[in-house]
Amino acid sequence: MRLRFGKNERLKSQKLLQFVFDNGRAFTAYPLKLIYLTVPDTDIAHSQMGVMVGKKKFKRAVARNRIKRTIREAYRLNKHLIFNNIEGKYAFLILYIGNDLPTFETVEKAMVSLFDKLITVEKNEKTDS
RNA sequence: CUUGCAGGAUAUCUUAUCGCGUCUCGCAUUUGCGGGAUGAGGAAAGUCCGGACACCAUAGCGCAGCAUAGCGGGUAACGCCCGUCGCCCAGACAGUCACUGUCAGGGUCGGACAAGUGCAACAGAAAGCAAGUACAGGUAAUGCUGUAGUGAAAUCAGGUAAACUCUAUGCGGUGAAACGCCAAGUAUAUCAACAUUUGAGGGUAGCGCGCCCGAGUUGAAGGGUUGGCGGAUAGAAUGUUGUGGCAACACAAGAUCAAGAUAAAUGAUAAGAGCCCUUUUGGGAUACAGAAUCCGGCUUAUUUCCUGCAUAAAAA
């Protein structure tokens, strides 16, 4: 699988975003929080991911941009962990809940542990049903 | 060498791998794949002024409100910029040194107090509504007159407008979430009130007038949408040369095209060069900060340099 992250893999619909935020299931691996939901094939072509960084915690746009880019980069480089292990399409929402500017390593570690949790949970549910 | 003042430049670079937005070419015609080009700032910030542009009526009149304030110029325009006069400030230097002179500079300074209202420390009888000390003169009598005394200023006015106010000039409102169009979709359903040229209601958002639109409007209860395209990046544009001007700037010639996103691209990793520290190995630092309709300013944040000037003389 290629390590791409184009426009159609981003969660952009206001409606879907709000829906995921309200109804999604969540995991936390500090400093990240993952909210996700399975979505029917007919609604979206690819699994989609969106990033949120609170404006209250980071007043400067430069800091927000940096965190968003770091998270997107970590997602891009590690998303194969999910899609090589689970079927289906998802909408992800990743929140940054830390208070300081993170390094790429901490974000990547948190991302991987989030994905581990997701995979175990989803696999268990599938085998149960 | 130090210090002060003013002005200007700059905001690390290269390569490799992975990746993103836009444009474009080719192949597929479906969502895509491949190649090429291009992709943050001096403040992109604060949103404080001025415009362009759009809509509101074609944006009119009066009142209210706001802004500006020597003189001259620049500009599309400005509360910005340039020049200049006065005043003030701060510093340096010199001398006959509590002062004076000269000089880099800087400024929340700059219409009117003989239109009215208000305010004014100390001193003083008194600084506009109520009075008056001493001496001299004068009177029927009296602060009636002069001088002294207080003070920057004394019945005569003066000071103060960063006091109200007056004068002159300018300003209609909203703000790209403006505005125009397309697609999808619902309900030409129900009830009530008012009205249809004798005008309901609306434009109208400081108030009033005037003007315009006008056959539907308002309320109750309920239903649907919240996608896309344009606006939107070739412009009061940039830099070069020449001419005019003390300057801001203007004109002419030829040259160049330089982000256009929308839950919002411009990034990550590695190596090297450069910078700083260290004898080397090596280590370290890299500010303020992210386009959101577009321009001209102002203000604030901030890295590292350079240049000029600072009575005269000498030196760097």
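A, B, ... follow the sequence lines: proteins, then strands. Residue 1 opens every chain.
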Checklist line | Set of side chain to side chain contact (heavy atoms under 4.5 Å, CB included) partners for A:Arg66, sequence neighbours left out | finding: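 Applying side chain to side chain contact (heavy atoms under 4.5 Å, CB included) to A:Arg66 gives A:Thr70, A:Leu101.
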
Please report, rounded to the nearest Å, how far the [atom2] atom of [N] is from the [atom1] atom of [X].
| X | N | atom1 | atom2 | result |
| --- | --- | --- | --- | --- |
| A:Glu108 | B:G19 | CD | C1' | 14 Å |
| A:Lys68 | B:U266 | NZ | P | 11 Å |
| A:Arg64 | B:A44 | CZ | C1' | 14 Å |
| A:Glu73 | B:A270 | CD | P | 12 Å |
| A:Tyr75 | B:C20 | OH | P | 13 Å |
| A:Asn78 | B:C18 | CG | C1' | 13 Å |
| A:Leu77 | B:U17 | CG | P | 16 Å |

Nearest listed nucleotide, side chain of [X], among [options]:
| X | options | answer |
| --- | --- | --- |
| A:Asn65 | B:A40, B:C18, B:A289 | B:A40 |
| A:Arg72 | B:U266, B:G290, B:C18 | B:U266 |
| A:Phe104 | B:U266, B:A268, B:G19 | B:A268 |
| A:Ala61 | B:C18, B:A289, B:A291 | B:A291 |

Margin query: Please find the pair of heavy atoms, one from A:Arg25 and one from A:Val121, that lie closest to each other, and give the distance.
Written below: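 Residues A:Arg25 and A:Val121, closest heavy atoms: NH2-CG1, 3.9 Å.
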
Next item on the list: Give the minimum heavy-atom separation between A:Tyr75 and A:Met111, together with the two atoms involved.
Entry: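 Between these two residues, the closest heavy atoms are N-CE, 3.8 Å.
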
Scan every strand shown for a Watson-Crick or G-U wobble partner of [N], both distances under 3.5 Å, and answer none if you come up empty.
| N | result |
| --- | --- |
| B:A92 | B:U102 |
| B:U293 | B:A52 |
| B:U307 | B:A6 |
| B:A28 | none |
| B:U302 | none |
| B:C135 | B:G146 |
| B:A252 | B:U241 |
| B:G86 | B:C109 |

Can you check [N] for me, syn or anti if syn means within 90° of 0?
| N | answer |
| --- | --- |
| B:G173 | anti |
| B:G128 | syn |
| B:A40 | syn |

Which value, in whole Å, describes the distance between the [atom1] atoms of nucleotides [N] and [M]?
| N | M | atom1 | value |
| --- | --- | --- | --- |
| B:A264 | B:G227 | P | 15 Å |
| B:C119 | B:C209 | C1' | 41 Å |
| B:G83 | B:G7 | P | 11 Å |
| B:G283 | B:C309 | C1' | 43 Å |
| B:U293 | B:G34 | P | 34 Å |
| B:G235 | B:C18 | P | 40 Å |
| B:C99 | B:U68 | C1' | 42 Å |
| B:A236 | B:C294 | C1' | 12 Å |

Next item on the list: Return the 5'-most residue of the pair A:Thr70, A:Met52 with respect to RNA chain B, ranking by each residue's nearest nucleotide.
Entry: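 Per heavy-atom nearest nucleotide, the more 5' residue is A:Met52.
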
Does [X] have a side-chain nitrogen or oxygen under 4.0 Å from the phosphate oxygens OP1 or OP2 of [N]?
| X | N | value |
| --- | --- | --- |
| A:Arg66 | B:U266 | no |
| A:Arg69 | B:G290 | no |
| A:Arg60 | B:A301 | no |

Next item on the list: Quick one: list whatever passes side-chain hydrogen bond (donor to acceptor under 3.5 Å, both in side chains) with A:Thr120, sequence neighbours left out.
Entry: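 If we apply the side-chain hydrogen bond (donor to acceptor under 3.5 Å, both in side chains) test to A:Thr120, skipping adjacent residues, there are no hits.
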
Check: About how many Å separate CZ of A:Phe27 and NZ of A:Lys117, when rounded to the nearest 0.5 Å?
Finding: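 Those atoms lie 7.5 Å apart.
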
Item checked: Straight-line distance of A:Asn78 CG to A:His80 NE2, nearest 0.5 Å ->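 NE2 of A:His80 is found 6.0 Å from CG of A:Asn78.
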
Notebook entry, point to check: Among the clusters formed by ILVMFWY side chains lying less than 4.5 Å apart, do A:Leu118 and A:Val112 turn up in the same one?
Noted result: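 They do share one cluster, since a chain of ILVMFWY contacts under 4.5 Å joins A:Leu118 to A:Val112.
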
Notebook entry, point to check: More than 12 foreign heavy atoms under 6.0 Å from NZ of A:Lys109: is that the case here?
Noted result: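 Counting other residues, nucleotides and ligands, NZ of A:Lys109 stays at 12 neighbours or fewer.
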
